[in-house]
Protein chains: 2
Amino acid sequence: MPRQVDHDQRRRQIAEAVWRLATRGGLEDVTLRQVAAEAGVSARLLQYYFGTREQLLLGALEILNDDAEQRARERLAMLGDAPGMHAIVRGVLLELLPLDEERRNRHLVYAAYFVRFLTDPALAKVAHDAPRALENLVADLIARGQELDQVPQDINAAAEAVFLVAGAEGVQSSVLLRQRSAEDAVAMIDHQLARVFTTTNCE
Amino acid sequence: MPRQVDHDQRRRQIAEAVWRLATRGGLEDVTLRQVAAEAGVSARLLQYYFGTREQLLLGALEILNDDAEQRARERLAMLGDAPGMHAIVRGVLLELLPLDEERRNRHLVYAAYFVRFLTDPALAKVAHDAPRALENLVADLIARGQELDQVPQDINAAAEAVFLVAGAEGVQSSVLLRQRSAEDAVAMIDHQLARVFTTTNCE
DNA sequence: CTGTTTGTGGTTCGATCGCACCATAACATC
DNA sequence: GATGTTATGGTGCGATCGAACCACAAACAG
């Protein structure tokens, strides 16, 4: 059914226009007319594919999330066959950093949506589970590293996982604001990872 | 000169209305009419005290920053005479967390402004230096803790400072989104502080 | 061949936007 | 007491907003 492909491609084309406008100027610049102009389609098409403006914002966010998940999977798969806990955790954390234009724009869009997550239940539901899931994943990986003697036993896996994810999100902001380079951010993450992933506790 | 006081009070009254509207719905809800209604004044007054809408947003942010700095000073002064490095760093980091309604709203307003910081030079200038200054302050305090043997020598003061601040900012987001309680966030900070501020490296 | 669904453009409407403009108290200065 | 400055309310205008509506082409169904 080639129709379905066209349908999704159109929605993606429009969603990308929403993202571009949101990264500049925030959600208030995401007006139906502006999106239509940016996507190179008529305003009527936005109504046809998404309906109201609220649904357009919601739909664009869903597509963005699907993208993020797929890209993350691809990059993690690129680590090879037996990556080791350290490399996997590193890959997960680096996914939170705006290391390329794609991730940078994605996190900017999230920032533009942020305040809405508190008041709009529909939006909140879309972006609710991700961070917790990440923390649990990292905590699990660290705990398995302890079983394999790659991580000291006196490390609190859950606490460190929360802190690592939070730290990554924190530097993310400063990189987005261009107050810090992406390389510095990665170095910072690696410094903390080196502390956790050490077979000998006091070297 | 009681006139001056009235003038600043009026500006503050209007700025608070801007904050309240920004915390719900983001900056797109901060329209002149809405602000006027929320502040209980006529729309004409906004023009008189701030000028254009752009200047209103800028002015409200400046007042918010002044507030934040003053409150932070007050709380740090409340620590007593000889607080010790650990307590000071803790106080600085906790200032980044939305532990009460005031700080919660403040950080929500920052979140609403976030995307604008990238494209609007005037706004960017207002909120540019704060995070770097915090990192340097924390790094300095940790380094002085090393001189006083309150912090192990093999701790990288600068690196830990950056990540502590970043971690605080990261959990801040999750607390704002009500995905984590304020108490959990404080516990996380304390867990990391306990790691840094230890006289004996391997206990 | 005819009717229905799907995709697209254009137009219009009522509401709201930012903001300029006008009127007028209250107060200060001389 | 005249005059100018400061502080306030009200009103109107052009632009833009979201969204409903209309027209039509293409594909598909029966």
Side-chain angles (χ1 to χ4, degrees), chain A residues 1-22 24-63 112-113 115-116 119-120 122-123, chain B residues 1-22 24-63 112-113 115-116 119-120 122-123:
Chain A
M1 47 188 69
R3 281 278 134 237
Q4 180 69 12
V5 173
D6 283 354
H7 189 270
D8 284 358
Q9 279 178 353
R10 265 278 191 253
R11 282 177 62 94
R12 165 166 302 268
Q13 170 192 3
I14 295 173
E16 286 173 357
V18 171
W19 304 338
R20 281 195 296 273
L21 289 173
R24 339 193 275 263
L27 288 194
E28 45 184 340
D29 276 18
V30 183
T31 147
L32 294 188
R33 284 169 172 79
Q34 293 241 42
V35 173
E38 177 76 23
V41 300
S42 80
R44 174 68 184 81
L45 242 68
L46 308 189
Q47 287 185 273
Y48 182 76
Y49 282 103
F50 289 93
T52 156
R53 183 182 115 107
E54 196 78 13
Q55 293 167 321
L56 170 63
L57 294 177
L58 178 60
L61 184 65
E62 286 171 345
I63 297 179
Y113 275 80
V115 245
R116 284 291 186 95
T119 47
D120 190 326
L123 285 181
Chain B
M1 46 193 71
R3 281 277 134 239
Q4 181 67 10
V5 173
D6 282 356
H7 189 271
D8 283 359
Q9 278 178 354
R10 265 277 190 254
R11 281 177 63 94
R12 167 166 300 268
Q13 171 191 4
I14 295 173
E16 286 174 358
V18 171
W19 304 339
R20 281 195 296 273
L21 288 174
R24 340 194 275 262
L27 287 194
E28 45 184 341
D29 277 17
V30 183
T31 147
L32 295 188
R33 284 168 172 78
Q34 293 240 41
V35 173
E38 178 77 23
V41 300
S42 79
R44 174 66 184 81
L45 244 68
L46 308 189
Q47 286 184 268
Y48 182 76
Y49 282 103
F50 288 94
T52 158
R53 184 183 114 109
E54 197 78 14
Q55 294 167 320
L56 171 63
L57 293 177
L58 177 61
L61 185 64
E62 286 171 345
I63 297 179
Y113 274 81
V115 245
R116 285 288 186 96
T119 47
D120 190 326
L123 285 181

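Side chains are part of it too, since the values below use all heavy atoms of this structure and drop only hydrogens, waters and symmetry mates. Just so we're on the same page: letters track the sequence lines, and every chain starts at 1.
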For the pair made of [atom1] in [X] and [atom2] in [N], what is the distance, rounded to whole Å?
X      : N       : atom1 : atom2 : value
L45(A) : dG18(D) : CG    : P     : 16 Å
R11(B) : dT6(D)  : CZ    : C1'   : 15 Å
R10(B) : dT6(D)  : CZ    : P     : 17 Å
D8(B)  : dA7(D)  : CG    : C1'   : 14 Å

OP1, OP2 of dT6(D) versus side-chain N and O of Y49(B): anything below 4.0 Å? no
Y48(B) side chain near dA7(D) phosphate (N/O to OP1/OP2, under 4.0 Å): yes
B/S/- along nucleotides 13-23 of chain C (protein heavy atoms under 4.0 Å) is ----BBSBBB-
Residues at least two apart in sequence or cross-chain that pass ring-ring contact (aromatic ring centres under 6.0 Å, His included) with Y49(A), listed by chain then number, are H7(A)
Residues at least two apart in sequence or cross-chain that pass side-chain hydrogen bond (donor to acceptor under 3.5 Å, both in side chains) with R11(B), listed by chain then number, are none
Who passes side-chain contact (heavy atoms from CB on, under 4.5 Å) against [X], sequence neighbours left out?
X      : answer
A60(B) : A15(B), V18(B), W19(B), Y113(B)
L32(A) : L46(A), R53(A), L56(A)
Q47(B) : R44(B)

Q) Side chain of Q34(B), backbone of T31(B): donor and acceptor closer than 3.5 Å? A) no
